[in-house]
Every structure is written in structure tokens, then in C-alpha cells.
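This report refers to the structure that appears directly beneath it.
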Amino acid sequence: MNAIAQIAITHPLERMIFQRNNSNQANINIAGNYYSAIDRVEARVVALQGGTSTGWTVIQTNPSNGYFSGTLLVAGGWYRLEVNAYNENILIDTKTVQKVGVGEVFAIAGQSNAQGGAGVSTPATDDRVNSINYSDNLTDYNRLPIGFSKMVGDSGKIGPFHYVPWAWGKLGDLLAARLDVPILFYGAGHGGTSSNDWSKSSQGLPYDGESWKRQDLGAPYRALENSVAYYGSLTGLRGVIWHQGESDASTFFLPYYENIKNVISKTRENAEHSTLAWIVARASRNPDPHDGPIFGQNTLISGFNNDPNYPAVPNVFAGPNTDNINGSTYRTDGIHFDTYAGQIEFANAWDASLDNTFFTNSTPMMASPLLAISLTCNPANPASPISLNAPAGYQKYAWSNRQNTVSESIGFNYNGCCQFTNIPPVGYENLNWRTLDSVATLSASSARFAANVRKTSKKVLFSPIIDLTTFTLPTTPTFVASAAQVRPNESVTLSGSNCNGSYLWSTSASSNPLTFVPVSTASYTVQCKTLHCISSVSSAQTITVSSCFPSALSLSGSVNSAESPYESKQSIQSNQKVQLSGKIDYNAKTKVELLPGFEANAGAVFKAFILGCD
């Protein structure tokens, strides 16, 4: 195996978790780049905690377009992913993703008890509990990194929006231990937001609210949209954990019900998953409980007094009644779970609600397949020799040809008094998506590319990374033939030159020089193949297969076996040696001349004719 890296895995990233189906399985998307010729890619997972190791499985043969891509069916668990690449059954390279999972993925939404705040946070102790360690209150589409980290304490975040882990690390520990699968959270809660704020922002409508809510950027809904339609596309999603109601003390149950029903409907539209589960807490304490949001939440879950005008919303499940967790031991201000004891009770209540009945009756959204990109070469345009083509029919296209700069990467957020900034951790994909937006075909020079497309639903699909930083445009080769005419069963040699890659002959052979026995008169060409491109076709040369030559022949060498005759429309001269087992006929129109040195040994068969040929 070559010691120099010949492949790289670009998907999945470390600690990425794929949502499992209700049969405890998921197809994990695997993609990467190759830097030398390969013709087969195999993958397997090795169980680290829970789960079942797989055997080596072929995920793609003869990859092209600058990348390899495939899927592997994996049971719920925490794994090491290994990928092997071969060429002509020789192992070229092996690469590994140390931790990848199949488990449960949730988006958290609501207000401050969902988002969390400054003060205490309960870190996850289980290595299988993960989040995006990044937060940006601008919810800037171009700033959203792709990467995953173990959920830690106050220094960690739950992207795309939460700047602290709050109580969710404890819930992750409880779920991972009980279900024996890894857990991933997306954070989309927004402190101080009402059901009206959520409803109006989900529909792109203005609402009366403080300027810090940044409704000009789609807040509060935009972070939830990004969680279900952007990140959820990559990993899949079990459902939305909803904890909100503290800002709706004066809201009657019906507008609360209608507001949240609008938000539920929009997440299902954005996710293109009509049965996306919502788990709705009963929460209203501010610091006293209030009937309006509680009745609204109960109506979402189970309807209102069997009234057909206010039915339960399908696939909405009962979360905990957190109003019952009360007292300064749990909430020092009467509102927020800002103590360790409060967060433990909060997490325990959620864990009890996310029971076997919920997991059995909810239908998860699975990860979307990676978007296929085709590559063609433009030898006539050396300034932009690469053409990348995404499938047609999408509303919007975005291409990346670089990582964001530090200033482009900074995420902004607030802790109640002060703005703070953060940048994505090392190892995250931090792609800049502003290159030639809304163009399905990209013509460019060497770079590391990726594409995503946005559907009318706002769901986003992602391509694999395509690393063409070492892209080489092939030269146009030429070749010479050892003869323009050969007799039947006689070989000819084609010798190519001026190729900066490998030769690809019109016979499909790749050796150079190429020696073969043509079966009939035909024309031959050659192309030059670099890793990702094939040159234009060389000028053709015709090799005639016939014993009848138009010109005079001068023959030498030995005849050691039965050969096709030599025939000439003019004359033949020969000093050949016809050996014991040799057999040859000469036929010329004007003369056959046997020169000094010609021999026909005893037992050889030799004939000469003055007839000519057609």
C-alpha cells in the first residue's frame, strides 16, 4: 500500500450521528476523494459501544467525477468507520473516521428554558452525546458550519443557536444510557419569544417585538428552519422538542393552539416530512402558571373536548408538565431552571416523556442522499477547465470553492448583557456558499468544491466534497504505428507520445506501446487520461490487414511457422530463412527475387508465384 494518502473521507464527519428508523437501522452516507486511480471502494463499521460491526461492503465501483460515494446499512450504535480503496484488486489506501453513530437526533425549540442562559449548565458525561459546538444569533446561512462535538459544559454550545448546553447534556446522558445509541441535539430555542413571534416568523410575517429578536433575519423561526431543513437533511431527525409558553401568560388557548400549529406545519413543510414528530411540554410558569398556554398545548396533543374545530395535531406527543417542577431549589427566579437540581429534574421529566411509546409511534425523518455532481473537462478553456454540473430542477443552487475566512466564520450571540463571538472548531467544514449562487453548472479552475441546492420547501440537499486542488488537464497525444499494413495474424505496435497521464487506446487498452494482432482493417486513435479528465481524440491512423501490398516488398528474417503469404502488386525480394517448420508463399506481379542468404531448409514449405494480387 502506498504510504502517501491516496484517498480522503469527507463524509461523514467525526461524531456525526444518523437518525435510525424504527427498525434500529440507517443508511449512512459515505463519500470522499481519491488522488490516484481506484476502481473499488469498500467500507465497514466496527462497533465501539452498542451496535453491530459489519463486514466489508462494496459501496462503489469505478468512481469518477472526482469523488467516491455510497451508503452502508448500519444498526443503531457508536462506531469506527473504515474505508478501503482498491485498484485492480490491490489495496491502495485505508482511511478511518474514529467515531460515527446511528441513533437519535432532536431539534430543540421554544424560549429561554429551551435555549438556556448564563449561569449553570449540566454537561454530558456520556461520550455519545453530541451537538454542533457553534452558535450564531444572525442565523446566517453562509456561516453555518458542518461539524459535531461532544456536548460539554458552559463552554460548549448547541448549534445553530444555543450558546450554552443548559440541561440537554443530562437528557442526552439519560437517553444514551437507556436506548444504548448516540444522541445528537440541534439548538433552535430563542429566549423571550411568544407563540405569536414563532407563528409570524415561520410564515415570513412581521410581528411586534423587540429589535434584539432580529425578525429581519427570520428570528425566532429561522434557527429551527435551519435545524430541520439544513442540518436535518444531513443527519435525519426524530422530532422537535418544544418547550415554550412562559411568554404567553395572557394568550388564550385558541390563538396559542393556532400559532404553534402553524409552526408545526411549517417545520413539516421545510423538512418535507409530513409526519415529523413534535414533543410538546406543558410549560407556562412565569413565575405563576397560566391556563391559556397549558390548554393550548393540551389541545395540540389531544384536542379540545372532542370538538372537531380544535382537533389534536397528528404526530404531536405529550412532553412533560414542567410547571410542576417548582421552588427555589429548581428555579431561583421562579422561571428558569438555573440550578443543577432544576436541570436534573427538567432532564428527568423529558426522559420520562420520551418513552418507548413515543419511539414506537413516531416516524423519524431519515438523512437525505448526497447530491450527485457530474464533472466534465474543458480542454479548450484552460483558464476554467473544470465544469461541475448539479441536477436540474431545484429552486436555488449554491457552490463553494473555499472555506470561510475567520471574519466570515464568526458567530454572534448574547448572554443577556453582552455580545460574544465564536468560530467553528478545528475539523468542521466551514464552507463559503456565495460562489455563483443559483447556477446549476459551475465552470472553474482547480479548487475544493461542494454544492448544495435549496428546494421550494427550503429543504437543502448537499453534494460530497470534490477536491480538485491537484486537477491536471490532459495533453493531446500522438502516436506512430510500426506498419501501415500487416498480414492476417501479424502483430502491429502503436507507440504513443505527448501524454501527461495514462494512454487510453480506441481498443480500450491502456499499455504503451501497444502491441496486438488486428483482425481486420480498422482505424485507431489514442487519448490521454489524467485522474479526472480524458483528452480530445488524436488523429486516426488506419492499419490495413491484407497479404496484398501495393508496393514492392523487401523481406528478411526467419520464417519459423506457417505464415500468411506475402503478395505484391509489384515485386518481391527476399533473403529470409525458412526454417524446418516454416511455411511461406511469395506472389508478385513482376518478379520474385531470392537474394544471397535466402534459405529454405529441408522440410520447409516454400512457393513462389508470378501472378500478382488484388
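Side-chain atoms are counted along with the backbone in the values below, which use heavy atoms only and exclude waters and symmetry mates.
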**Request:** Check whether the side chains of E269 and S265 place a donor and an acceptor atom closer than 3.5 Å, and report yes or no.
**Result:** no
**Student check: side-chain heavy atoms of W433 and N142 closer than 4.5 Å** = yes
**Asked** Once you round to the nearest 0.5 Å, how far does OG of S227 lie from CG of L144?
**Response** 9.0 Å
**Request:** State whether E408 and R143 are salt-bridged, where the test is any N-O pair (Lys NZ or Arg NE/NH1/NH2 against Asp/Glu carboxylate O) under 4.0 Å.
**Result:** no
**Fill in**
Interatomic distance, CG@D333 vs CD1@I335, rounded to 0.5 Å, equals 5.0 Å
**Request:** Please confirm whether the backbone N or O of P391 pairs with a side-chain atom of Y397, one donor and one acceptor, at under 3.5 Å?
**Result:** yes
**Message:** Quick one about S195 and N259 (side-chain donor to acceptor, distance below 3.5 Å, no hydrogens or angles considered), yes or no?
**Reply:** yes
**Asked** Quick check: does any side chain N or O of Q244 sit under 3.5 Å from a backbone N or O of Q111, one acting as donor and the other as acceptor?
**Response** no
**Request:** Would you mind checking if R222 and D216 are paired as a salt bridge, meaning a charged N to carboxylate O distance below 4.0 Å?
**Result:** no
**Prompt:** What are the two closest non-hydrogen atoms of H11 and L234, and how far apart are they?
**Reply:** CE1-CD2, 4.0 Å
**Message:** With a 3.5 Å distance limit and no angle check, can you tell me whether N113 reaches the backbone of F337 through a side-chain donor-acceptor pair?
**Reply:** yes
**Message:** Apply side chain to side chain contact (heavy atoms under 4.5 Å, CB included) to residues L531 and Y34 and explain how you reach the verdict.
**Reply:** CA-CA 9 Å; L531 191 59; Y34 53 89; 3.9 Å; yes
**Item:** Trace of the side chain to side chain contact (heavy atoms under 4.5 Å, CB included) decision for E14 with V100
**Value:** CA-CA 6 Å; E14 289 283 349; V100 64; over 6 Å; no
**Prompt:** Does a donor on one side chain and an acceptor on the other come within less than 3.5 Å for T267 and W278?
**Reply:** yes
**Message:** Any donor-acceptor pair under 3.5 Å linking the side-chain atoms of N432 with those of N404?
**Reply:** yes
**Item:** Test log, rule side chain to side chain contact (heavy atoms under 4.5 Å, CB included), inputs N378 and S384
**Value:** CA-CA 7 Å; N378 303 321; S384 297; 5.7 Å; no
**Message:** Checking the side chain of K213 only, and the main-chain atoms of G192 only, is there a donor and an acceptor separated by less than 3.5 Å?
**Reply:** yes
**Item:** Pairwise side-chain contact, R268 with H273, heavy-atom cut-off 4.5 Å (strictly under)
**Value:** no
**Prompt:** Roughly how far, to the nearest 0.5 Å, is the CG atom of N27 from the CG atom of L72?
**Reply:** 8.0 Å
**Request:** Taking all heavy atoms of G101 and all of P182, pick out the closest pair and write down the distance.
**Result:** CA-CG, 3.7 Å
**Asked** Would a 4.5 Å heavy-atom cut-off, applied to side chains only, mark S353 and F358 as touching?
**Response** no
**Message:** Surrounding NZ of K455 (heavy atoms of other residues, nucleotides or ligands, distance under 6.0 Å), is the total greater than 12?
**Reply:** yes
Exercise answer: donor-acceptor pairs, residues 363-376 side-chain atoms, under 3.5 Å, sequence neighbours excluded:
{"residue": "S368", "atom": "OG", "partner": "S233", "partner atom": "OG", "Å": "3.3"}
{"residue": "S368", "atom": "OG", "partner": "K459", "partner atom": "NZ", "Å": "3.4"}

**Asked** Do N315 and T275 meet the criterion of a side-chain donor-acceptor pair at a distance under 3.5 Å?
**Response** no
**Message:** The test is salt bridge (charged side-chain N to carboxylate O under 4.0 Å, His left out); show your working for D136 and K157 and say whether it passes.
**Reply:** CA-CA 10 Å; D136 177 32; K157 303 160 186 67; over 6 Å; no
**Prompt:** Can you find a pair of side-chain heavy atoms, one from L224 and one from V263, that are under 4.5 Å apart?
**Reply:** yes
**Prompt:** For the residue pair I183 and I17, what are the closest heavy atoms and their distance?
**Reply:** O-CD1, 3.3 Å
**Message:** Determine whether a donor-acceptor pair (N or O, by modelled atom type, separation under 3.5 Å) exists between the side chain of Q115 and the backbone of G191.
**Reply:** yes
**Message:** Regarding T235 and Y186, do their side chains bring together a donor and an acceptor under 3.5 Å, going by distance alone?
**Reply:** yes
**4.5 Å side-chain heavy-atom contact, W78 and D127** = yes
**Asked** Just by distance, with hydrogens left out, do N389 and T441 show a side-chain donor and acceptor under 3.5 Å apart?
**Response** yes
**Request:** Inspect the surroundings of CG in D208 and state if more than 12 heavy atoms from other residues, nucleotides or ligands are less than 6.0 Å away.
**Result:** no
**Message:** Under 3.5 Å, is there a donor on one side chain and an acceptor on the other for S199 and N262?
**Reply:** yes
**Message:** With no hydrogens and no angle check, just 3.5 Å: does a side-chain donor-acceptor pair link N430 and Y134?
**Reply:** no
**Prompt:** Do Q403 and Y428 get their side chains close enough for a donor-acceptor pair, meaning under 3.5 Å?
**Reply:** no
**Asked** So how far is it from T94 OG1 to I7 CD1, rounded to the nearest 0.5 Å?
**Response** 6.5 Å
**Message:** Are the side chains of D93 and Y35 in contact, using a 4.5 Å heavy-atom criterion?
**Reply:** no
**Prompt:** Would a distance-only check, ignoring hydrogens and angles, find a side-chain to backbone donor-acceptor pair under 3.5 Å from R331 to D338?
**Reply:** no
**Pairwise side-chain contact, W168 with S131, heavy-atom cut-off 4.5 Å (strictly under)** = no
**Test of ring centre spacing under 6.0 Å for H243 and F346** = yes
**Asked** Any chance the rings of F462 and Y230 have centres within less than 6.0 Å?
**Response** yes
**Asked** Going through the checks in order, is the side-chain hydrogen bond (donor to acceptor under 3.5 Å, both in side chains) test met by S362 and R238?
**Response** CA-CA 8 Å; S362 58; R238 171 61 71 171; 2.9 Å; yes
**Item:** Minimum side-chain heavy-atom gap P385-S445 below 4.5 Å
**Value:** yes
**Asked** Can you name the nearest heavy-atom pair linking A450 to I465, along with the distance?
**Response** CB-CD1, 3.8 Å
**Under 3.5 Å: donor-acceptor pair, side chain of S409, backbone of I423** = no
